[in-house]
Protein chains: 2
Amino acid sequence: MRNVKKRDTRMYIIEKAIPMFAAGGYSGVSMRHISQAVGTSAAALYHHFPDKQKLYFDAMSHAFTDKAEGITEALEGSGTPSQRLERFVDSFTELMGEDPDFRALLQRELLEGDKTRLKLVAEQVFSRPFQAMTALAEELAPDCDAHMLAISMAGLVLFHFETAPVRRFLPGGRSEHNDPKNIARHVTKLLLKALGGS
Amino acid sequence: MRNVKKRDTRMYIIEKAIPMFAAGGYSGVSMRHISQAVGTSAAALYHHFPDKQKLYFDAMSHAFTDKAEGITEALEGSGTPSQRLERFVDSFTELMGEDPDFRALLQRELLEGDKTRLKLVAEQVFSRPFQAMTALAEELAPDCDAHMLAISMAGLVLFHFETAPVRRFLPGGRSEHNDPKNIARHVTKLLLKALGGS
DNA sequence: GTCTATAGCCTGATAGAC
DNA sequence: GTCTATCAGGCTATAGAC
């Protein structure tokens, strides 16, 4: 029963660290900052994690693993390819809209994740949902490179969120453009037209 | 004539700092690191910049200002909307392919740029090229929200570069997918089909 | 314009009491 | 498991000689 307490504290630390790393990145958040948010001393963190790197890695893994399932579900269900595309775009947009920490961590890993960590995350977390995306892409447009089309599908959604903080200051920028429902509608329409979905 | 030397050194510092900030971000690069790359002491940097923030800001401004022009040109030339779209995608892809520092800095600013800096960059650097993009979007698809379509156009290109380090480990990932020419071809084809270009 | 020296603070990480 | 105390070093920024 000793382990129960330890695991809970460990998970509590991870859950406090996730939004901090999402906002400040690895080098922008110190162990002292995290310990303060957790409500403990910095030394105590080292009882649960051997060093800062491991804490960061575990926080990231936890943040990512949960999310991959929801996306895979939307992709592997039944229905015509067009219906599944629409469902994927909807659920992916909703996910990005409701969990900014996940999105920020994803951006950060793409930007500065080291190679071994990226490989691990790609193979253990994103491989399955991405495979489902390429399968759908293949059905939708057999004449197109499925890998590239899958990336385009994800990028179309993600970029609207990534640019939200700057679009406010760009010509034609309005707050409706940040509404996940509008983003999903725009992206679905664009993709269905491009891929001649029925 | 005193200023000439000072300006040169100042610019030299900026040019050394740009790739470092692109790789490590603001908090990941110290004044000592920069001074070492420049070949001077840390104290000397403070003769040219009042503090680290200002050095970062000036480096960013310099990295961005140059680039905006090339994009605007491709958009404002003559030709049918479809031709101009193709030319925009080509030049934008080429730019991203040949200047990874610019791309990384752009990603970083979207991720963690503070509001006043984003406003400045948006209004002074990206406003004109983005306006040209929305104008093109309007011509291509009057029934579509021009602002959202312009974002989609940029996002389609950028995301293929952003994901390059991780796509290597994803199903179907091949090195050809990183070739700017292939990316441009894929994106152009997708957009022209979606927008019914002639 | 650049240097050395240094102030004052923050960093990751450890030692050892409880 | 958590604490206080601490180490060794890095950080931004400044002072003052040259």
Side-chain angles (χ1 to χ4, degrees), chain A residues 1-62 105 108-109 112-114 116-117, chain B residues 1-62 105 108-109 112-114 116-117:
Chain A
M1 285 300 153
R2 247 191 228 113
N3 284 340
V4 173
K5 178 77 178 296
K6 176 169 177 181
R7 264 207 213 131
D8 284 356
T9 311
R10 191 188 148 87
M11 196 53 72
Y12 184 67
I13 293 169
I14 285 177
E15 276 161 6
K16 283 287 180 184
I18 285 174
M20 300 182 78
F21 280 131
Y26 182 81
S27 59
V29 179
S30 72
M31 294 296 269
R32 278 171 166 83
H33 278 133
I34 296 170
S35 73
Q36 211 168 343
V38 171
T40 182
S41 70
L45 298 181
Y46 286 89
H47 179 77
H48 300 276
F49 305 91
D51 55 27
K52 188 186 174 185
Q53 289 255 3
K54 178 71 172 148
L55 198 171
Y56 180 76
F57 179 80
D58 288 358
M60 252 210 16
S61 295
H62 182 253
L105 281 178
R108 277 195 190 282
E109 280 306 297
E112 57 191 8
D114 72 36
T116 59
R117 204 166 58 210
Chain B
M1 287 297 156
R2 248 193 227 112
N3 285 340
V4 175
K5 177 78 179 293
K6 174 168 178 180
R7 263 206 213 137
D8 283 357
T9 310
R10 191 188 148 87
M11 197 50 74
Y12 184 67
I13 294 169
I14 285 177
E15 276 161 7
K16 284 286 180 184
I18 284 173
M20 301 181 77
F21 280 131
Y26 181 82
S27 59
V29 179
S30 71
M31 295 297 267
R32 276 172 166 85
H33 279 133
I34 296 170
S35 73
Q36 211 167 343
V38 171
T40 182
S41 70
L45 298 182
Y46 287 89
H47 179 77
H48 300 276
F49 306 91
D51 54 28
K52 188 186 174 185
Q53 289 254 3
K54 178 72 172 147
L55 200 172
Y56 180 75
F57 180 80
D58 287 359
M60 252 209 17
S61 295
H62 182 253
L105 282 178
R108 276 195 193 283
E109 280 306 297
E112 57 191 8
D114 72 37
T116 59
R117 204 166 58 211

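Fair warning: this is a prediction, and the values are worked out from it, not measured in the lab. Letters go in sequence order (proteins before strands), and every chain restarts at 1.
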Using a cut-off of strictly less than 4.0 Å, decide whether [X] has a side-chain nitrogen or oxygen near OP1 or OP2 of [N].
X	N	answer
B/T40	C/dC3	yes
A/H47	C/dT14	no
A/S30	C/dC10	no
B/S41	C/dC3	yes

By nearest atom, which of the nucleotides [options] is closest to the [X] side chain?
X	options	value
A/R32	D/dT4, C/dA13, C/dT2	C/dA13
B/K52	D/dA13, C/dG12, D/dT2	D/dA13
B/H33	C/dG12, D/dC11, C/dC3	D/dC11
A/A43	D/dT12, D/dT4, D/dT2	D/dT4
B/D51	D/dA13, D/dT12, C/dT11	D/dA13
B/H48	C/dG1, C/dT11, C/dA5	C/dG1

Report task. Indicate the ring-plane relationship of A/Y26 and A/F21, choosing parallel, tilted or perpendicular according to the 30° and 60° boundaries. Result ->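 Parallel, since the angle between the ring planes stays under 30°.
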Requested in this report: Check for a donor-acceptor pair, side chain of B/S61 on one end and backbone N or O of B/D58 on the other, with a separation under 3.5 Å.
Outcome: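 Between the backbone of B/D58 and the side chain of B/S61 there is no qualifying donor-acceptor contact (under 3.5 Å).
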Report task. Using atom types as modelled and distance alone, determine if a side-chain donor or acceptor of B/K54 lies under 3.5 Å from a backbone N or O of B/H48. Result ->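 It does not hold such a pair.
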Round to the nearest Å and state the distance from [X] atom [atom1] to [N] atom [atom2].
X	N	atom1	atom2	answer
B/Y12	C/dG1	OH	P	17 Å
B/K54	D/dT12	NZ	P	18 Å
B/L55	D/dC11	CG	C1'	15 Å
B/Q36	C/dC3	CD	P	13 Å
B/I34	D/dG10	CD1	P	17 Å
A/Y46	D/dT4	OH	P	16 Å
B/M31	D/dG9	CE	P	23 Å

Report task. Side-chain contact test, heavy atoms from C-beta onward, threshold under 4.5 Å: evaluate it for A/R117 versus A/Y56 and give yes or no. Result ->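 Counting from C-beta outward, A/R117 and A/Y56 do come under 4.5 Å.
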Query raised in the report: Could you go step by step and tell me if B/H47 and B/T9 meet the side chain to side chain contact (heavy atoms under 4.5 Å, CB included) rule?
Result: CA-CA 10 Å; B/H47 179 77; B/T9 310; over 6 Å; no
Query raised in the report: Taking for each residue the nucleotide of DNA chain D bearing the nearest heavy atom, is the 5' side occupied by B/V29 or by A/A44?
Result: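 In this pair, the answer is A/A44.
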